[in-house]
Amino acid sequence: MDRPKSRPMVSRVIPVELFDLVVFGATGDLAKRKILPALLRRFVAGQVPDGSRLIGAARSEHSVAEYRAFAEAALAEHAVGVGSAEQRKAFIETLDYVTVDATGEQGWAELAKKLVPGRIRAFYFSVAPRLFGALAERLHKYGMASGDARIVVEKPFGRDLATAEALNRDLAQHFAERQIYRIDHYLGKETVQNLMVIRFGNMLFEPLWNAQYVDHIQITVAETVGVGGRGDYYDRAGAMRDMVQNHLMQLLCLIAMEPPAKFEPDSVRDEKLKVIRALDPVEPSDIVRGQYLAEGEKPGYCDHVENPNSHTESFIAMKLHISNWRWAGTPFYLRTGKRLKSRTSEIAVVFKETPHSIFGPEAGRHRNILTIRLQPNEGIDLGVTIKEPGPGGMRLVDVPLDMTFSEALGPEAAQSADAYERLIMDVIRGNQTLFMRGDEVEAAWAWTDPIIGGWEARGEAPIAYESGSSGPEEALMLMHRDGRRWREIRT
Ligand code: BG6
């Protein structure tokens with residue numbers, strides 16, 4: 001019997017219990033762009049039980065009707081075409097609002113009264129991290145920090161080890177670790193979770209997934225956007241704090257970790273933590289930092305930030321080593337930057353050459369490359385060496401075994417749920433697998449701090465690179481000097 005070419009994807013909706021979700025910072029950018037649209041999508045998908053509510057909380061004075069109008073406008077912009085007019089109206093009617101002063105007493109008693117006892121309650125801290133402690137304290141003081149309450153906190157979780165430890169301490173005064181959901185939205189991406197399934201759901205790869213067979217691994221997260229209106233924040237962070245310490249670190253952990261015994265929160269997080277703790281310190285000569293230049297009408301990095309001589313990097317490329325049995329000797333190359341050639345995120349596992357070529361020197365040396373494309377055009381691709389068809393002797397050629405998920409699983413696969421949809425629903429379900437544990441975040445800062453400290457101590461300036469390029473030439477050299485090369489950032 002012929003196998004069907006593709007199997008249409010069937011999405012499943014896992015039922016959740018009735019909940020009250022309180023969003024602090026309900027009029028902010030994240031609420032507008034991500035939280036409200038994500039909840040609307042889950043509502044339309046039928047996952048939000050009747051009677052569940054989103055309660056917006058923020059400092060500004062608004063009536064419930066005004067907040068609903070605000071949400072409607074936000075959804076018109078950021079959730080185009082989601083659901084019917086009736087569904088959108090029904091969703092808007094689930095919204096409530098209360099004016100709350102995070103550091104004062106206004107609004108807290110009113111908020112406490114709004115929560116329905118016995119329901120799941122989650123508090124989303126979509127506010128500046130300096131307010132996290134105050135919010136946790138007041139939730140406790142006003143009797144809302146019940147044993148099954150959950151809090152959700154956004155990045156940046158600290159700006160170094162000391163601030164992350166202080167934040168963890170503040171939250172721990174009122175909430176247990178099992179109640180704290182630290183978001184790294186990369187973990188909510190469909191293809192990022194697929195990394196674990198590709199590795200641990202197939203027999204094919206795992207036996208080869210080690211220093212004996214893998215020459216090196218490269219991770220690229222390239223963006224076309226610049227820092228835009230986020231100059232203030234970004235100039236204090238840079239690519240290292242904004243992307244590497246969290247998102248790229250998570251990708252590295254999932255690619256490098258040992259198989260967890262179970263797909264359960266602490267099993268997975270224990271293994272990730274071991275990877276971070278096994279990272280070697282990085283030599284300054286193994287890091288290249290860049291900053292994008294203006295291009296025509298498009299402003300350069302320094303035009304977006306207050307300090308015209310800023311030394312903050314918008315690009316970083318680095319070589320890392322993980323000192324453990326599996327990976328000793330296999331380098332990991334990481335690269336991320338803004339205003340690059342295209343928006344491309346991928347992980348490439350580059351296998352070693354065969355130990356001996358029976359086809360003679362003219363056949364050339366070939367190697368298999370497994371590429372996991374995270375965005376766009378999600379899929380995996382395995383480069384396999386075959387005989388070039390036709391007469392003319394044994395000539396070898398590399399061809400891709402390409403599995404683009406939208407082709408293999410149907411177009412619905414290409415529109416898989418946004419990371420925030422999955423993560424918010426995981427909070428309601430009480431599943432912490434895709435959230436960072438406190439010790440994980442601290443370990444990542446402990447590795448990052450000396451690197452940033454070194455740049456600061458040496459007063460190191462980043463290298464300028466052309467917008468729309470692949471970053472500074474020096475980043476290419478980082479691999480060339482090892483006899484390797486980056487994969488093209490494809491346009
Ligand atoms: C955010 C960073 O966490 O991730 C941004 O602060 C970055 O600077 C963004 O642009 C990238 O996320 P995504 O999902 O677009 O790859």
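Not measured: the values here are computed from a predicted model. Order of appearance sets the numbers: ligands from 1, and atoms from 1 within every ligand.
In D232, the CG atom is not crowded: 12 or fewer heavy atoms of neighbouring residues, nucleotides or ligands sit closer than 6.0 Å.
Distances below 4.0 Å separate heavy atoms of K155 from the following atoms of ligand 1: 1 (C), 2 (C), 3 (O), 6 (O). Close contacts of ligand 1 with H247, meaning ligand atoms under 4.0 Å from a residue heavy atom, involve 1 (C), 3 (O), 4 (O). Listed by number with element, the atoms of ligand 1 under 4.0 angstrom from any heavy atom of K338 are 5 (C), 7 (C), 8 (O), 10 (O). Taking a cut-off of under 4.0 Å to the non-hydrogen atoms of H185, the atoms of ligand 1 that pass are 1 (C), 3 (O), 4 (O), 12 (O), 13 (P), 14 (O).
Taking the six-membered ring where the residue is Trp, F351 and W209 present perpendicular rings, their angle passing 60° and hence far from 30°. Between F132 and F125, the ring-plane angle classifies as tilted under the 30° and 60° cut-offs. Classified by interplanar angle (parallel below 30°, tilted 30° to 60°, perpendicular above 60°), the ring pair Y420/H185 is parallel.
Protein heavy atom closest to atom 14 (O) of ligand 1, with residue, atom name and distance, is K189 NZ, 2.6 Å. Nearest to atom 16 (O) of ligand 1 among the protein's heavy atoms is Y186 OH, 2.5 Å. Counting protein heavy atoms only, atom 9 (C) of ligand 1 is closest to E223 OE2, 4.0 Å. In terms of protein heavy-atom proximity, atom 8 (O) of ligand 1 is nearest to D242 OD2, 2.6 Å.
Of the N and O atoms on the side chains of S314 and Y234, not one donor lies less than 3.5 Å from an acceptor on the other residue.
Between Y234 and ligand 1, no pair of N/O atoms sits closer than 3.5 Å. In terms of polar-atom proximity, Q375 is counted as a contact of ligand 1, with an N or O under 3.5 Å from an N or O of the ligand.
D160 has no carboxylate O lying under 4.0 Å from a charged side-chain N of R241, or vice versa, which leaves the two without a salt bridge.
No donor-acceptor pair closer than 3.5 Å links the side chain of T163 to the backbone N or O of G158.
Contacts between R343 and ligand 1, counted as non-hydrogen atom pairs separated by less than 4.0 Å, involve the side chain only.
Applying side chain to side chain donor-acceptor pair (under 3.5 Å) to E346 and the options Q218, Q375, R487, R373 leaves one that passes, R487.
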